[in-house]
Amino acid sequence: ANSEAAKPDAATSAAKPAGPEAAPKSADDATDKKPAATRRNEKSGGSALVTLGSARDRLISYRSVEAQMVETVDLGLRRFRMKGTYLQGTDLKLRLEYDLLVGNTEAHLVEVCDGQILWTHQKIGEEERVTRRNVRQILTAASSAGKTPQNLLTAELGLGGLPGLLAGIQKSVQLEKQWEQDVNEQTFVVIEGGWKKNFRSKFLGPDAAADQPLPAFVPDQVRIYFEQESLFPRRILYLKRSEDGTRRPMVTLDFVDVRWDVELAEDAFNYTPPEKVARQDVTQAYINRFAPPEPETSPEARTEQPAPK
């Protein structure tokens with residue numbers, strides 16, 4: 001998956017965009033009244049896991065990725081859409097910018113990582129917040145603590161862009177099936193699964209039954225549409241099951257006008273936050289996650305201290 005021969009060139013990707021109008025909704029989504037698209041070459045969850053890993057490896061192998069991003073959130077009575085740009089370089093370099101309008105409130109997010117420092121600038125209405133994270137210090141501290149593989153660690157820490165997102169899905173989702181599906185004369189490889197027990201327990205507790213419904217604000221399943229040749233994830237759906245058994249997309253994340261291995265501007269991953277906004281360094285807060293817990297001192301040990309001489 002990492003070989004140069006396996007990667008289509010940028011022109012191939014840009015010439016055949018598969019945007020929101022091309023990547024299909026679920027055949028059994030409550031919002032989709034059209035006849036179901038034909039599925040073929042259905043495979044098991046094991047095959048889906050292999051596809052997910054191969055797609056992530058392919059993403060990491062690119063020198064750069066440039067795309068437009070559209071995210072639609074449907075919470076029933078509330079629905080909004082975010083649009084922005086996504087740039088990915090090597091060694092954790094990332095730039096993500098998007099705008100959002102909720103009612104009369106405008107929001108703007110910028111995340112930029114030059115491979116060393118991750119800046120996050122949020123502006124919601126008149127309120128602004130800027131945070132700084134030294135990702136190398138955090139990863140070093142985490143590696144010293146052991147246990148978590150690097151790819152999953154970057155996902156846990158909110159690092160790594162789209163490869164990190166796929167790693168997070170790999171960790172939290174029990175993949176169940178894979179199939180191929182044609183949409184607008186383009187073939188997609190589709191994988192799907194539901195949350196693993198450790199993720200469900202965050203909302204339901206450790207003793208919840210496997211069929212206990214998740215809260216209304218939490219989706220039940222994840223579905224990803226990959227281009228057949230490039231394995232680029234064009235659409236990621238987070239689905240919610242209704243009482244009648246149908247499913248609807250709660251969150252739809254589309255990547256359009258995608259190009260890879262293109263030359264990016266030299267300052268693409270540079271960022272200087274606005275001087276008027278206070279900067280909060282949250283590096284230590286992340287490092288503290290990996291500190292070993294302090295040993296508890298028993299009541300007896302605290303009371304049975306030798307008397308001073």
Side-chain angles (χ1 to χ4, degrees), residues 13-14 16-27 29-32 48 51-52 55-56 58-60 62 65-76 78-88 94-102 107-111 113 120 122 154-156 158-173 175 178 181 183-184 186 188-195 199 214 217-228 230-241 247-260:
S13 176
K16 298 171 63 177
E21 72 285 349
K25 295 178 181 178
S26 167
D29 287 342
T31 57
D32 190 0
T51 297
L52 181 62
R56 184 182 176 278
R58 192 80 65 89
L59 278 170
I60 294 173
Y62 297 138
V65 176
E66 181 179 36
Q68 299 298 308
M69 187 179 70
V70 181
E71 183 172 5
T72 304
V73 180
D74 186 351
L75 302 178
R78 298 182 63 191
R79 179 183 174 92
F80 49 89
R81 173 173 288 194
M82 295 172 279
K83 295 183 178 181
T85 57
Y86 175 87
L87 297 180
Q88 174 191 310
L94 172 72
R95 188 179 193 100
L96 171 66
E97 296 189 51
Y98 66 74
D99 296 294
L100 166 67
L101 180 64
V102 181
H108 183 66
L109 172 72
V110 179
E111 279 196 338
C113 183
T120 301
Q122 295 175 322
T154 56
E156 287 182 4
L159 311 174
L162 193 48
L165 176 60
L166 295 187
I169 291 174
Q170 177 182 335
K171 180 181 180 181
S172 302
V173 175
L175 294 170
Q178 171 179 308
Q181 190 170 327
V183 184
N184 293 350
Q186 184 168 2
F188 292 90
V189 177
V190 188
I191 65 174
E192 181 181 273
W195 302 113
F199 182 88
L214 285 162
F217 60 88
V218 181
D220 296 307
Q221 290 184 304
V222 180
R223 180 180 296 173
I224 309 177
Y225 293 85
F226 298 101
E227 285 186 347
Q228 185 181 44
S230 68
L231 287 184
F232 193 93
R234 289 290 192 165
R235 166 167 282 189
I236 302 176
L237 285 178
Y238 294 84
L239 300 167
K240 188 66 178 178
R241 189 176 297 277
R247 290 176 291 179
R248 63 175 179 84
M250 285 186 68
V251 179
T252 304
L253 179 59
D254 287 303
F255 291 90
V256 300
D257 299 330
V258 180
R259 302 192 302 159
W260 46 77

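In what follows, residues are counted from 1 in the order of the sequence shown. Quantities reported herein were computed from a predicted structural model and do not represent experimental measurements. The analysis underlying the following values was restricted to heavy atoms, covering all of them including side chains, and did not include hydrogens, waters or symmetry mates.
Judged purely by atom type and a 3.5 angstrom limit, Glu227 has no side-chain atom pairing as donor or acceptor with the backbone of Gln186. Formation of a donor-acceptor pair under 3.5 Å by the Trp260 side chain with backbone atoms of Phe232 is not found in this model. No side-chain donor-acceptor contact under 3.5 Å links Lys83 to the backbone of Met69. A donor-acceptor pair under 3.5 Å is formed between the side chain of Arg58 and the backbone N or O of Ser230. Proximity of a side-chain donor or acceptor of Arg56 to a complementary backbone N or O of Pro163 within less than 3.5 Å is detected. A donor-acceptor pair under 3.5 Å is formed between the side chain of Asp220 and the backbone N or O of Arg241.
You'll find the side chain of Arg248 stays beyond 4.5 Å of the side chain of Leu239, heavy atoms only. Taking 4.5 Å as the limit, every side-chain heavy atom of Tyr225 sits out of range of all side-chain heavy atoms of Pro233. For the pair Leu175 and Thr51, the minimum side-chain heavy-atom distance is 4.5 Å or more. Residues Glu71 and Arg81 are not in side-chain contact: their nearest non-hydrogen atoms beyond the backbone lie 4.5 Å or more apart. Contact of the Leu75 side chain with the Phe217 side chain is not registered, since no non-hydrogen atoms from C-beta on lie closer than 4.5 Å. Looking at Leu253 and Tyr238, their side chains never come closer than 4.5 Å, going by heavy atoms from C-beta outward. Side-chain contact between Ile169 and Ile224: present, with at least one pair of heavy atoms (C-beta onward) separated by less than 4.5 Å.
Here the shortest heavy-atom pairing between Leu237 and Pro249 reads CD2-CB, 3.9 Å. Across every non-hydrogen atom of Gly193 and Val173, the tightest pair is C-CG1, 3.6 Å. Ile236 and Leu165 make their closest contact through CD1-CD2, 3.7 Å (heavy atoms, listed as atom of the first residue, atom of the second, distance). In this structure, Gln88 and Leu59 approach most closely via the heavy-atom pair NE2-O, 3.1 Å.
Evaluation of the side chain to side chain contact (heavy atoms under 4.5 Å, CB included) rule for Thr120 yields Leu109, Glu111, Leu118, Gln122, Thr131, Arg133 as partners, not counting sequence neighbours. Remark: Gln228 pairs with Glu180, Thr187, Val189 by the side chain to side chain contact (heavy atoms under 4.5 Å, CB included) rule, at least two apart or across chains. In this view, Arg79 and Asp74 satisfy the salt bridge (charged side-chain N to carboxylate O under 4.0 Å, His left out) rule, not counting sequence neighbours.
Ring-centre distance between Tyr86 and Phe255: below the 6.0 Å cut-off.
Note that the CG atom of Leu101 and the NE2 atom of His108 stand 14.0 Å from one another [nearest 0.5 Å]. Atoms OG1 and CZ, from Thr252 and Arg223 in turn, are 11.0 Å apart once rounded to the nearest 0.5 Å. Taking CD of Gln170 as the start and CG of Leu52 as the end, the distance is 5.5 Å to the nearest 0.5 Å. Put simply, OG1 on Thr72 and CG on Asp254 are 7.0 Å apart, with the number rounded to the nearest 0.5 Å.
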Exercise. Can you list the steps and then say if Arg247 with Lys240 is a side chain to side chain contact (heavy atoms under 4.5 Å, CB included)?
Worked result: CA-CA 5 Å; Arg247 290 176 291 179; Lys240 188 66 178 178; over 6 Å; no
For this session: Quick one: do Tyr98 and Thr85 satisfy side chain to side chain contact (heavy atoms under 4.5 Å, CB included)? Show the steps, please.
Result: CA-CA 6 Å; Tyr98 66 74; Thr85 57; over 6 Å; no
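The pair Glu66-Arg95 fails the salt-bridge criterion, with no side-chain N (NZ, NE, NH1 or NH2) lying under 4.0 Å from an Asp/Glu carboxylate O.
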